[in-house]
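Structure record follows, encoded as structure tokens.
Counting begins at 1 with the first residue of the sequence.
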Amino acid sequence: MDNATYPRALGSTIRQDMLLYPVVVLVGARQVGKSTLGREIAASRGMAYRTLDDRDVLAQAREDPEGLLAELDGPGFVDEAQRAPELFLAMKAVVDRDQRPGQYLLSGSNQPRITGAVGDSLLGRAAYRILRPLSLSELRLDEVHRGWDFLFQRDDRMVFEQLDARSEESGALDWRSVVQTGGFPRAVAVPPVQRRRLLDDYVQVYANRDIREILSIESSDRFEQFLRLLAARTGQVLNANGLAADLGIPVTTIRRWLGALQRSFLLELIPAYSRNASMRVIKAPKQFLVDPALALAAAREPEPTGFHLENLIAIDLAIWKDIAPGRSVHHWRLQSGQEVDFILEMDGGLLAVEVKTTTHSGRGDARHLGTFMERHPDTRRGLLLSADPHIRMISDRVIAAPWWAVV
């Protein structure tokens with residue numbers, strides 16, 4: 001299937017932003033589809049298009065940015081805008097004279113320069129949106145992200161009705177196949193036998209070329225080793241000291257490299273949840289790569305594990321969190337070992353989510369949900385997601401459902 005045929009749920013958010021802000025900035029990891037989405041939106045709005053991948057356009061953006069903006073003769077989409085920071089000051093001058101919304105749509109690849117430059121020049125005048133790899137909703141050709149809001153309803157009957165409807169609409173899915181496919185458009189488009197090679201090449205290109213545009217790296221081989229080790233620990237609590245010890249690298253270097261991956265939109269960190277300072281809670285975040293198939297290929301693991309299913313759900317939650325204000329996603333883990341994979345918060349309500357790969361879930365799989373809910377009695381409900389197709393209440397306020405009924 002052609003990449004352009006996949007709907008992107010972020011498109012409607014960007015179109016709304018363009019009714020409010022003079023500048024909208026679309027950022028994300030390399031090859032997630034920013035250019036495709038930007039061009040679709042620009043075409044629908046009659047906006048001019050320029051890409052700084054074009055050498056002549058790049059030279060003009062650096063040497064005569066005012067002239068380039070004048071040539072747009074109205075609203076325009078500038079792709080790979082981070083290549084010419086000079087453009088942002090010229091854009092600021094235009095926006096200062098005319099505050100009309102929807103004047104410029106910018107996109108930037110994994111280099112952090114676009115956020116820094118735009119932030120310095122267009123503070124308060126620009127909205128930022130992160131595009132991640134294709135979600136399962138988008139792979140199903142849904143124009144709207146399925147979302148998690150319905151799980152916060154107080155009426156159990158309505159939640160069950162929606163879970164049943166979603167499960168029937170989706171049909172049972174093999175989580176191994178889904179996480180091995182991932183959501184990078186190019187990887188989705190190629191046969192499975194070529195997918196891992198393409199994603200492995202992605203890691204090598206980032207470690208040996210792209211990272212040099214962000215950090216001064218003395219050893220690309222050592223950085224690639226770090227990235228692959230991090231991928232092998234996707235879904236686990238981040239331990240920078242452990243990474244440093246395993247690689248024989250100062251922890252300060254590890255933290256710089258982690259920051260670079262975050263700024264490149266390749267690393268998602270889920271913060272710890274703790275409402276009670278006296279509770280012995282692990283405060284370190286959980287780490288996930290931006291795509292489960294990328295994590296699998298980067299770690300060079302032969303088969304996916306439950307951590308990769310959790311990775312898939314973590315990224316879907318990150319998309320849900322960004323769609324509207326008032327939402328947050330955390331994890332919860334006590335020093336004694338009890339843990340819950342995800343704690344969702346929306347408008348003051350809490351939802352505890354545990355993820356398993358079992359095909360026969362039971363009360364024992366939900367025991368940590370019960371622990372969390374005992375300690376946080378205001379939790380709306382617990383949700384046990386697994387490969388078990390049966391939707392049911394398995395304990396007080398804990399619903400078991402197949403993961404494909406939600407994601």
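In terms of the side chain to side chain contact (heavy atoms under 4.5 Å, CB included) criterion, residue partners of L269 (sequence neighbours excluded) are, by chain and number, L238, Q262, L267, P285, Q287. Q225 pairs by the side chain to side chain contact (heavy atoms under 4.5 Å, CB included) definition with R222, L247, not counting sequence neighbours.
Side-chain atoms of D388 and T359 include no donor-acceptor pair closer than 3.5 Å. Checked by atom type, the side-chain pair S35/D79 shows a donor-acceptor distance below 3.5 Å. Counted by atom type alone, T357 and W175 present zero donor-acceptor pairs between their side chains at under 3.5 Å. Using a 3.5 Å distance cut-off with no hydrogens or angles, the side chains of S336 and Q338 do pair a donor with an acceptor. Looking at D341 and H368, their side chains never bring a donor and an acceptor atom within 3.5 Å of each other.
A salt bridge links D210 with R30: the distance from a Lys NZ or Arg NE/NH1/NH2 to an Asp or Glu carboxylate oxygen falls below 4.0 Å. Salt bridge annotation for D156-R397: absent, with no cationic side-chain nitrogen under 4.0 angstrom from a carboxylate oxygen. Under the 4.0 Å criterion applied to side-chain N and carboxylate O atoms, R50 and D54 are not assigned as salt-bridge partners. A salt bridge is absent between E143 and R8: the closest approach of a Lys/Arg side-chain nitrogen to an acidic carboxylate oxygen does not fall below 4.0 angstrom. By the 4.0 Å N-to-carboxylate-O rule, D322 lies close enough to R132 to be salt-bridged with it. Under a 4.0 Å N-O distance rule, the pair R140/E169 does not qualify as a salt bridge.
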Donor-acceptor pairs are to be reported for all side-chain atoms of residues 14-28 against protein atoms at under 3.5 Å, with residues two or more places apart or in another chain.
{"unit_1": "R15", "atom_1": "NH1", "unit_2": "G11", "atom_2": "O", "d": "3.4"}
{"unit_1": "D17", "atom_1": "OD1", "unit_2": "R129", "atom_2": "NH2", "d": "3.1"}
{"unit_1": "D17", "atom_1": "OD2", "unit_2": "R129", "atom_2": "NE", "d": "2.6"}
{"unit_1": "D17", "atom_1": "OD2", "unit_2": "R129", "atom_2": "NH2", "d": "3.4"}

Distance-only check: which donor-acceptor pairs under 3.5 Å involve side-chain atoms of residues 253-261, not counting sequence neighbours?
none

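Listed by first and then second residue, the salt bridge (Lys or Arg N to Asp or Glu O under 4.0 Å) pairs involving residues 349-361 are E354-K356 (not counting sequence neighbours). Here side chain to side chain donor-acceptor pair (under 3.5 Å) pairs that include residues 292-304, with residues two or more places apart or in two chains, are D200-R300.
The main-chain N or O of G242 is found under 3.5 Å from a side-chain atom of N239 such that the two form a donor-acceptor pair. The closest donor-acceptor contact from the side chain of H376 to the backbone of D378 lies at 3.5 Å or more, if one exists at all. With hydrogens and angles ignored, the 3.5 Å screen pairs no side-chain donor or acceptor of S264 with any backbone N or O of L266. Between the R197 side chain and the Q194 main chain, no donor and acceptor come within less than 3.5 Å of each other. Here the side chain of E138 pairs a donor or acceptor atom with the backbone of S135 at under 3.5 angstrom. Listed for the S177 side chain is no donor-acceptor partner under 3.5 Å among the backbone atoms of D174. Using a distance-only test at 3.5 Å, with no hydrogens or angles considered, no donor-acceptor pair links the side chain of R146 to the main chain of S137.
Contact check for S167 versus D164: no side-chain heavy atoms found under the 4.5 Å cut-off. A heavy-atom distance below 4.5 Å is not found between the side chains of H331 and F342. Considering only heavy atoms from C-beta on, R233 comes within 4.5 Å of L229 through its side chain. Side chains of I394 and I399 form no contact here, defined as non-hydrogen atoms less than 4.5 Å apart. At least one side-chain heavy atom of W148 sits under 4.5 Å from a side-chain heavy atom of L317.
The 12-atom threshold is not exceeded at CG of D73, counting heavy atoms of other residues, nucleotides or ligands nearer than 6.0 Å. Within 6.0 Å of CD on Q99 lie more than 12 heavy atoms contributed by other residues, nucleotides or ligands.
Remark: aromatic rings of Y273 and W332 are distant, center separation not under 6.0 Å.
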